[in-house]
Amino acid sequence: MQKLVIRGEKRLYGEIAVQGAKNSALALLAGCTLCSGEVRLTNCPALSDVFAACRILNRLGCKSRYSEHTAYVNAGSISECAVPEDMMREMRSSIVFLGAILGRKGQCELSFPGGCELGPRPIDMHLSALEQMGARITEEYGVLCCECPYGLHGAKISLGFPSVGATENIMLAAALAKGETVIYNAAREPEITDLGNFLNCCGARISGQGTSTVVISGVEKLHGCEYEVMPDRIAAATYMAAAAITGGELDLKNARAQELEAVIPVFEQMGCAVFTYDERIYINCKRPLKAVRTIRTMPYPGFPTDAQAVVMAALTKAKGTSVVVENIFCSRYRHVDELVRMGANIKAEGKVAVIEGVKRLYGARVRACDLRGGAALVLAGLGAQGETEVEKVCYIDRGYENIEKYLREAGADITRMTG
Ligand code: UD1
């Protein structure tokens with residue numbers, strides 16, 4: 001069992017190169033299943049979730065390997081169409097393999113992802129969309145069996161909510177389907193744009209990715225390509241919050257301001273100076289932090305639910321009262337109790353959390369309960385007096401590449417320990 005040990009109250013200063021985007025890389029790796037030639041994904045982050053996706057690809061009979069931020073995947077020899085339960089459990093977002101495997105093989109079997117750290121994770125929209133495209137889906141003892149004896153065909157699909165995963169699954173399934181698929185009320189997250197662009201690079205015909213109407217004209221075959229995974233906007237927001245809570249100054253390389261339009265103003269309200277140029281974000285937080293207007297998590301381009309916990313960590317030390325409303329997931333305040341153990345004054349009930357800024361946080365032994373909540377505890381540790389131990393680092397490693405290395409290079413006192 002690994003933990004991060006942090007001695008806080010050190011100002012962060014310097015440059016951090018932001019990693020490739022986890023959520024994009026996972027969808028792209030699933031997309032490789034559709035391609036007959038070799039795909040080379042560069043800027044692919046070294047994360048446990050990425051390695052889990054590569055293991056799924058190998059299990060399916062693809063040849064995949066990972067070396068120095070590049071994933072090489074050749075799905076020319078894909079033979080299997082089932083993902084075993086232990087692999088599904090390892091990474092809940094593996095549900096995105098459903099559309100891809102079905103699209104390539106005409107059948108797919110995987111276990112129901114069930115609940116996860118963020119509460120129940122229903123996939124009704126994914127399944128209903130695939131059924132509209134000709135899939136027959138049955139569920140027995142938690143195993144989903146999907147087949148399409150007559151192949152997948154295009155359909156006009158209206159999503160009741162702009163689900164990221166459902167939009168990705170439909171795009172993946174539709175890329176090789178017969179005819180045209182239109183997704184109305186599609187998710188507009190930048191990772192959807194990245195998936196559409198990647199599939200087009202492999203020969204797909206997709207337009208409208210990044211808008212609420214995505215049109216996919218099915219093609220016969222997809223080929224391999226080389227593609228660079230987009231930068232991780234949530235990792236960028238996390239490092240901005242790290243600068244804020246330590247009163248520091250960071251220059252983030254590979255950070256796209258246009259993808260953080262709902263997040264940057266929150267840091268400005270806190271009193272940080274933010275300058276954006278090229279693919280960089282410079283943040284300077286020398287003044288004491290101030291509370292902000294109500295933050296409501298929303299589908300993109302609204303404030304991202306994935307940035308809620310890390311921004312909350314910074315707000316624990318912002319003078320005044322801040323309010324957060326979590327609209328996307330029902331169980332996304334599990335970091336609150338741990339932040340309170342460190343001296344934060346937060347009351348969370350249902351969707352709403354009220355944060356009264358405190359002068360000081362104090363080091364404590366705390367436990368990560370999920371990926372972003374875990375990162376929030378690391379940030380709180382950076383801003384706390386004394387020593388903080390963050391246990392269950394495995395959650396943080398799912399989405400942050402070597403978090404302690406980047407923070408240490410920027411002046412943090414943080415070490416990974418085993419035991
Ligand atoms: C993705 C991201 C996750 C991010 C989330 C919202 C990946 C690997 N994960 O998750 O980091 O927090 O988008 O930006 O990309 N829902 C249903 N039925 C469905 C599908 C979703 O009710 O069939 C609900 C979910 O329970 C949730 C909401 O819709 O309340 C949003 O979920 P969705 O956008 O699908 O998130 P994910 O794709 O799971």
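Counting convention: from 1, in listed order, for ligands and their atoms alike. What you see is a predicted model; the values in this text were computed from it and never measured.
Looking only at distances, a side-chain donor or acceptor of D194 sits under 3.5 Å from a matching main-chain atom of M230.
Contacts with ligand 1 closer than 4.0 Å are made by no heavy atom of Y300, backbone or side chain. Neither the backbone nor the side chain of E191 has any atom closer than 4.0 Å to an atom of ligand 1 (non-hydrogen atoms only). Residue S163 touches ligand 1 through backbone and side chain together, judged by heavy-atom distances below 4.0 Å.
Ligand 1 places these atoms under 4.0 Å from at least one heavy atom of M125: 16 (N), 17 (C), 18 (N), 19 (C), 20 (C), 21 (C), 23 (O). In the vicinity of I123, heavy-atom distances shorter than 4.0 Å reach the ligand 1 atoms 19 (C), 23 (O). For ligand 1, the atoms lying closer than 4.0 Å to a non-hydrogen atom of H126 are 20 (C), 23 (O). Close contacts between ligand 1 and F161 involve ligand atoms 28 (C), 29 (O), 31 (C) [criterion: under 4.0 Å to a heavy atom]. Each of the atoms 35 (O), 38 (O) of ligand 1 lies under 4.0 Å from some heavy atom of G165. Near S93, the atoms of ligand 1 lying under 4.0 angstrom from a non-hydrogen atom of the residue are 8 (C).
Residue-environment remark: OH (Y150) stays at or below the threshold of 12 foreign heavy atoms within 6.0 Å. In R280, the CZ atom is crowded: over 12 heavy atoms of neighbouring residues, nucleotides or ligands sit closer than 6.0 Å.
Using a 4.0 Å heavy-atom cutoff, R332 is listed among the residues neighbouring ligand 1. Heavy atoms of A187 stay at 4.0 angstrom or farther from ligand 1.
Between E326 and K351 there is no salt bridge, since no side-chain N of the basic residue sits under 4.0 Å from a carboxylate O of the acidic one. Salt-bridge annotation for D86 and R55: absent, with no side-chain N of the basic residue lying under 4.0 Å from a carboxylate O of the acidic one.
Within the set V164, D306, T297, the minimum heavy-atom distance to atom 13 (O) of ligand 1 is found for V164. Of all the listed residues (N169, L371, I328, N23), I328 holds the heavy atom that lies closest to atom 30 (O) of ligand 1. The heavy atom nearest to atom 14 (O) of ligand 1, considering only E168, E189, K22, is found in E189.
For N43 and H69, the side-chain atoms include no donor-acceptor pair closer than 3.5 Å. Side-chain contact check for E356 and T321: at least one donor-acceptor pair (N or O, by modelled atom type) lies under 3.5 Å. Of the N and O atoms on the side chains of Y282 and N284, at least one donor lies less than 3.5 Å from an acceptor on the other residue.
In this structure, CD1 on I170 lies 4.5 Å from CD1 on I183, to the nearest 0.5 angstrom.
Between D124 and ligand 1, at least one pair of N/O atoms sits closer than 3.5 Å.
Note that R65 lies in the cation-pi zone of Y72, set by a 6.0 Å cut-off to the ring centre and a 45° limit from the axis.
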